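So you know, we letter chains A, B, ... as the sequences are listed, proteins then strands, and number each from 1. Remember, it's a predicted structure, so these values are computed and weren't measured experimentally. Reckoned from all heavy atoms, side chains included, excluding hydrogens, waters and symmetry mates.
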There are 2 protein chains.
Amino acid sequence: MSRTTPQRQAIRDALAGAGRPLSPNELLDLAQDEIPKLGMATVYRTLSLLVEEGEAVAVELPGEPPRYEHRSAAEHHHHHFRCDSCERVFDVEGCPGNMKGMLPKGFSLRAHHITLFGTCDECAKKAG
Amino acid sequence: MSRTTPQRQAIRDALAGAGRPLSPNELLDLAQDEIPKLGMATVYRTLSLLVEEGEAVAVELPGEPPRYEHRSAAEHHHHHFRCDSCERVFDVEGCPGNMKGMLPKGFSLRAHHITLFGTCDECAKKAG
DNA sequence: CTAGTTGCAAAGCATTTGCCTGTGG
DNA sequence: CCACAGGCAAATGCTTTGCAACTAG
């Protein structure tokens, strides 16, 4: 059975507390505040485990390696925003919907991903 | 200056003739019909060159390495559809637009990507 | 106790680069 | 002729795996 270890707890906590999708590196940095010797391999292994358990969800963005967010964020339909400046990713609410009109004849739709790109509020402030 | 070689010509032709975004591997296969000894390194080097020249455009999809499409496809705003079954990617016309309403307060929008997932017409027919 | 976990180092893979030979202009 | 290109093989960077030591239950 799957054990509760300090490493896993630190990773779970970081994910749950972030409120946005985190990259494996961001996760390593955050979790190392708790467990300084934590290795990247453990982060990857724990992420696979959390995804299997349904505790975390992979967030795939165009042109970037996957990030991961806590189950609570994934429970409702949402999309993502990536800041050009700080490169952080945020969840965004709402959806234009009605994407069936875009389909070529004979194609059927199962899902859609929308990614917005621009500047987040913090970076906008810094830039003046 | 940049030279015209049989390798580059084969790659250009494959891209121009495809009518949809191609992965480096698809491109290698197609171009090897013309130049059997063509190497992957040349495909990658030529793609960078074509992108610099504006002859080709990189198409980034969530969770996948970039594909490339001919300039002619990129001249107008469009999005992409990926078939779950054959894994090919197609261009789709139209756009729900008005994505600004989704932005959190203080965020500004520069661009958006939409990717549709489902089954293409050919695969739908095969599946009956 | 002892099977599941971890850290470290080595292995994988797709992409990129270095180097020497070949060739377009 | 000779600077640019191409093929091959080695290097890279991120992710995964192997393995011996460690620890939760």
Side-chain angles (χ1 to χ4, degrees), chain A residues 1-16 18 21-69 82 87-89, chain B residues 1-16 18 21-69 82 87-89:
Chain A
M1 230 353 254
S2 150
R3 286 182 191 168
T4 302
T5 66
Q7 288 88 339
R8 291 183 179 175
Q9 201 49 51
I11 293 170
R12 275 173 205 271
D13 290 351
L15 250 197
L22 298 176
S23 66
N25 254 306
E26 287 177 310
L27 219 30
L28 178 67
D29 285 349
L30 286 169
Q32 279 186 338
D33 291 345
E34 294 297 313
I35 317 280
K37 291 191 187 166
L38 182 65
M40 192 51 123
T42 301
V43 172
Y44 281 108
R45 281 189 281 230
T46 303
L47 280 171
S48 314
L49 182 70
L50 293 179
V51 168
E52 267 183 35
E53 289 177 345
E55 192 66 15
V57 176
V59 174
E60 309 272 15
L61 299 196
E64 300 195 42
R67 309 188 183 213
Y68 296 83
E69 69 185 348
R82 181 180 176 283
E87 303 184 358
R88 288 181 301 174
V89 172
Chain B
M1 231 351 256
S2 150
R3 286 183 191 167
T4 302
T5 65
Q7 289 88 340
R8 290 184 180 175
Q9 201 49 52
I11 292 170
R12 274 174 206 273
D13 290 349
L15 250 197
L22 298 176
S23 66
N25 255 305
E26 287 176 309
L27 219 30
L28 179 65
D29 286 349
L30 287 169
Q32 279 185 339
D33 291 346
E34 294 297 313
I35 317 279
K37 292 190 185 165
L38 183 65
M40 192 51 127
T42 299
V43 172
Y44 281 109
R45 281 190 279 232
T46 302
L47 280 171
S48 315
L49 182 70
L50 294 178
V51 169
E52 268 183 34
E53 289 177 345
E55 192 65 15
V57 177
V59 174
E60 309 272 15
L61 300 196
E64 299 195 42
R67 309 189 183 212
Y68 296 84
E69 69 186 348
R82 180 180 178 284
E87 302 185 359
R88 288 182 301 175
V89 172

Listed nucleotide nearest any side-chain atom of A/Arg8, set C/dA9, C/dT5, D/dG7
C/dT5

Quick one: the side chain of A/Arg3 and the base of C/dG4, do they pair up donor-acceptor inside 3.5 Å?
yes

Side-chain N or O of A/Thr5 versus OP1/OP2 of C/dT6: is the shortest distance under 4.0 Å?
yes

Does a salt bridge link A/Arg8 with A/Glu55, judged by any charged N lying under 4.0 Å from a carboxylate O?
no

Please report, rounded to the nearest Å, how far the P atom of C/dA14 is from the CG atom of B/Leu47.
16 Å

Checking B/Arg82 now: which residues fulfil side-chain hydrogen bond (donor to acceptor under 3.5 Å, both in side chains) with it, not counting sequence neighbours?
B/Glu64

D/dG7, OP1 or OP2 - any side-chain N/O from B/Thr42 closer than 4.0 Å?
yes

B/Pro65 near the nucleic acid: base, sugar-phosphate alone, or nothing, with a heavy-atom cut-off under 4.0 Å?
sugar-phosphate

When you measure from the side-chain N and O atoms of A/Gln7 to the phosphate of D/dT23, is any distance below 4.0 Å, counting only OP1 and OP2?
no

If you find the nucleotide of DNA chain C closest to B/Thr4 and the one closest to A/Ala41, which residue's nucleotide is nearer the 5' end?
A/Ala41

At under 4.0 Å between heavy atoms, what does B/Ser48 touch on the DNA or RNA strands: base, sugar-phosphate, or nothing?
nothing

Trace of the side-chain contact (heavy atoms from CB on, under 4.5 Å) decision for A/Leu38 with A/Ile11:
CA-CA 10 Å; A/Leu38 182 65; A/Ile11 293 170; 4.2 Å; yes

